[in-house]
Amino acid sequence: MSGPPRRPVRPPSCALVGAGPGDPELLTLKALRLARRATVLLVDDLVSDAVLAAVLRGRTKPPRVVHVGKRGGCRSTPQAFIERLMVKETLAGERVVRLKGGDPFIFGRGGEEAQALRAQGIEVEVVNGITSGLAAATALGVPWTHRQHAQGVMLVTGHAQDGAAGPDWAVLGAAAAQGLTLVIYMGMARLAAVQQGLSTAMRATTPAAVVQHAGLPQERRLLTTLGRLAVDARAAGLGSPAIVVIGDVLQGVAAAHQTGAVGTLFAA
Ligand code: SAH
């Protein structure tokens with residue numbers, strides 16, 4: 001008994017899409033295409049309103065938008081809930097897109113989400129976005145690698161998993177002192193400890209910078225030194241979300257802003 005050829009059954013799939021740092025013009029074409037055809041859109045609190053507006057613009061049948069962040073002063077949505085929702089909606093036949101700030105696989109738990117989906121037999125499509133650490137480099141006008149100053153970059157989180165020990169800043173500082181630019185995500189809450197640890201291996205005069213809201217209209221930048229990092233960031237009232245950068249590549253910024261910008265916020 002032979003019927004008509006069966007169409008191969010495609011496994012269910014879900015997309016983890018990088019929304020970049022906030023400017024809709026920095027979205028990839030692929031990110032925009034996938035997000036615009038979603039029927040369910042799970043949106044991070046780090047995704048800018050402008051990006052969301054670009055994704056929803058002109059849609060005759062808008063997707064169901066679920067904000068899974070801290071917007072509106074609510075507590076952050078538990079990670080397990082987000083993962084369950086992605087699995088449930090994908091298996092129910094929805095086109096689910098998880099729109100994440102920056103790049104989905106640079107911190108931000110994209111790896112855990114991909115694992116949870118794959119464990120349920122769901123295919124995961126990952127679309128790169130411009131990570132906020134790179135947006136911070138552009139905001140400061142310096143590359144993380146400049147062959148006169150740095151042979152590489154370390155992307156490090158300042159936030160440890162609950163109960164786990166954080167990074168050993170003295171060890172990282174010793175490595176960075178060999179010519180690596182340190183780019184720290186989620187570091188603002190522990191800035192004093194970060195500074196203290198790094199200072200055991202790096203000069204207090206090593207240039208340091210903080211970029212809050214990189215790539216967004218409300219972006220703020222501070223240029224200082226490792227020795228003054230915590231005190232200057234506090235005085236400037238800088239907080240999350242921000243990228244902290246430490247390394248000699250920043251000498252270029254100091255040179256470009258010879259107006260005594262060290263220790264002060266500076267404008268474009
Ligand atoms: N996947 C994201 C990072 C998520 S972790 C990315 O690739 O950018 C969250 C941390 O990212 C924040 O604590 C902060 O350190 C950083 N971050 C995210 N958006 C930012 C922004 N617009 N400006 C500065 N830092 C940002």
Side-chain angles (χ1 to χ4, degrees), residues 15-28 31 35 42-52 54 67-71 76-77 79 82-83 97-115 124 126-142 144 153-162 164 166-167 169 172 181-191 193-195 208-223 229-230 233 236-246 250 253 265-266 268:
L16 303 184
V17 174
D23 178 350
E25 291 201 322
L26 292 179
L27 278 169
T28 63
L42 278 76
V43 185
D44 236 22
D45 59 345
L46 287 169
V47 173
S48 75
D49 292 337
V51 163
L52 190 56
H67 288 282
V68 289
K70 294 174 192 152
R71 283 185 185 216
S76 141
T77 317
Q79 186 64 24
I82 298 173
E83 289 167 10
V97 168
R98 173 86 168 99
L99 199 55
K100 297 176 76 71
D103 185 276
F105 273 2
I106 302 282
F107 305 120
R109 310 182 79 166
E112 289 165 51
E113 290 171 7
Q115 275 174 343
V124 181
V126 180
V127 180
N128 288 127
I130 294 177
T131 186
S132 51
L134 276 179
T138 309
L140 292 163
V142 284
W144 291 160
V153 191
M154 282 197 275
L155 305 186
V156 184
T157 174
H159 177 84
Q161 210 179 349
D162 292 341
W169 295 105
L172 291 182
T181 305
L182 251 177
V183 179
I184 304 171
Y185 292 65
M186 294 173 271
M188 295 307 279
R190 310 204 58 237
L191 210 47
V194 171
Q195 175 185 332
V210 179
V211 185
Q212 186 180 18
H213 300 302
L216 291 160
Q218 67 270 36
E219 177 181 285
R220 296 178 79 210
R221 291 166 286 169
L222 169 77
L223 181 64
L229 179 58
L238 293 175
S240 275
I243 294 289
V244 179
V245 189
I246 295 146
L250 292 168
V253 193
L265 290 165
F266 63 97

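Each ligand, and each atom within it, is numbered from 1 in the order the structure gives.
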Seminar exercise, completed: atom 9 (C) of ligand 1 has as its nearest protein heavy atom Leu46 CD1, 3.7 Å
Exercise. Is the backbone N or O of Val51 less than 3.5 Å from a side-chain atom of Ser48, with the two atoms forming a donor-acceptor pair by type?
Worked result: yes
Exercise. Which atoms of ligand 1 are found less than 4.0 Å from any heavy atom of Thr131?
Worked result: 6 (C), 7 (O), 8 (O)
Seminar exercise, completed: Sorted by chain and number, sequence neighbours left out, side chain to side chain contact (heavy atoms under 4.5 Å, CB included) with Asp23 holds for Glu25, Leu26
Exercise. Excluding sequence neighbours, so at least two apart, what forms salt bridge (Lys or Arg N to Asp or Glu O under 4.0 Å) with Glu83?
Worked result: none
Exercise. Shortest non-hydrogen contact from Pro104 to Leu16?
Worked result: CG-O, 3.6 Å
Seminar exercise, completed: When distances are taken from atom 2 (C) of ligand 1, the protein heavy atom at minimum range is Gly101 O, 3.2 Å
Exercise. Is a donor on one side and an acceptor on the other found under 3.5 Å between the side chain of Asp103 and the backbone of Ile130?
Worked result: no
Exercise. What protein heavy atom is closest to atom 3 (C) of ligand 1, reported as residue, atom name and distance in Å?
Worked result: Ile106 O, 3.5 Å
Exercise. When you look for heavy atoms under 4.0 Å from ligand 1, do you find them on the side chain of Val211, its backbone, both, or neither?
Worked result: backbone
Exercise. Tell me, which protein residue and heavy-atom name are nearest atom 10 (C) of ligand 1, and how many Å apart are they?
Worked result: Met186 CG, 3.7 Å
For this session: Please report which non-hydrogen protein atom sits nearest to atom 11 (O) of ligand 1, along with the residue it belongs to and the distance in Å to one decimal place.
Result: Tyr185 CD2, 3.5 Å
Exercise. Going by atom types only, do Gln79 and Glu113 share a side-chain donor-acceptor pair under 3.5 Å?
Worked result: yes
Exercise. Taking the non-hydrogen atoms of Ala136, is any one of them nearer than 4.0 angstrom to ligand 1?
Worked result: no
Exercise. Can you find a non-hydrogen atom of Gly215 under 4.0 Å from ligand 1?
Worked result: no
For this session: Output the list of atoms in ligand 1 that are nearer than 4.0 Å to some heavy atom of Gly102, sorted by atom number.
Result: 6 (C), 7 (O), 8 (O)
Exercise. Does Lys100 come within less than 4.0 angstrom of ligand 1, counting non-hydrogen atoms of the residue?
Worked result: no
Exercise. Judged by atom type as modelled, is there a donor-acceptor pair below 3.5 Å linking the side chain of Glu219 to the main-chain atoms of Gly215?
Worked result: yes
For this session: May I ask you to identify the nearest protein heavy atom to atom 8 (O) of ligand 1, giving residue, atom name and distance to one decimal place in Å?
Result: Ser132 OG, 2.7 Å
Exercise. Donor-acceptor pair, Gln212 side chain versus Arg220 backbone, under 3.5 Å?
Worked result: no
Exercise. Please walk me through it: do Val142 and Thr181 pass side chain to side chain contact (heavy atoms under 4.5 Å, CB included)?
Worked result: CA-CA 11 Å; Val142 284; Thr181 305; over 6 Å; no
Seminar exercise, completed: Near Ala242 (heavy-atom distance under 4.0 Å), the atoms of ligand 1 are 14 (C), 15 (O), 24 (C), 25 (N)
Exercise. Taking Ile184 as the fixed residue, which of Leu172, Leu155, Val210, Val244 is the one that meets the side-chain contact (heavy atoms from CB on, under 4.5 Å) rule?
Worked result: Val244
Exercise. Which residue holds the protein heavy atom closest to atom 22 (N) of ligand 1, what is that atom called, and what is the gap in Å?
Worked result: Ala214 O, 3.1 Å
Exercise. Do ligand 1 and Asp103 have nitrogen or oxygen atoms that lie under 3.5 Å from each other?
Worked result: yes
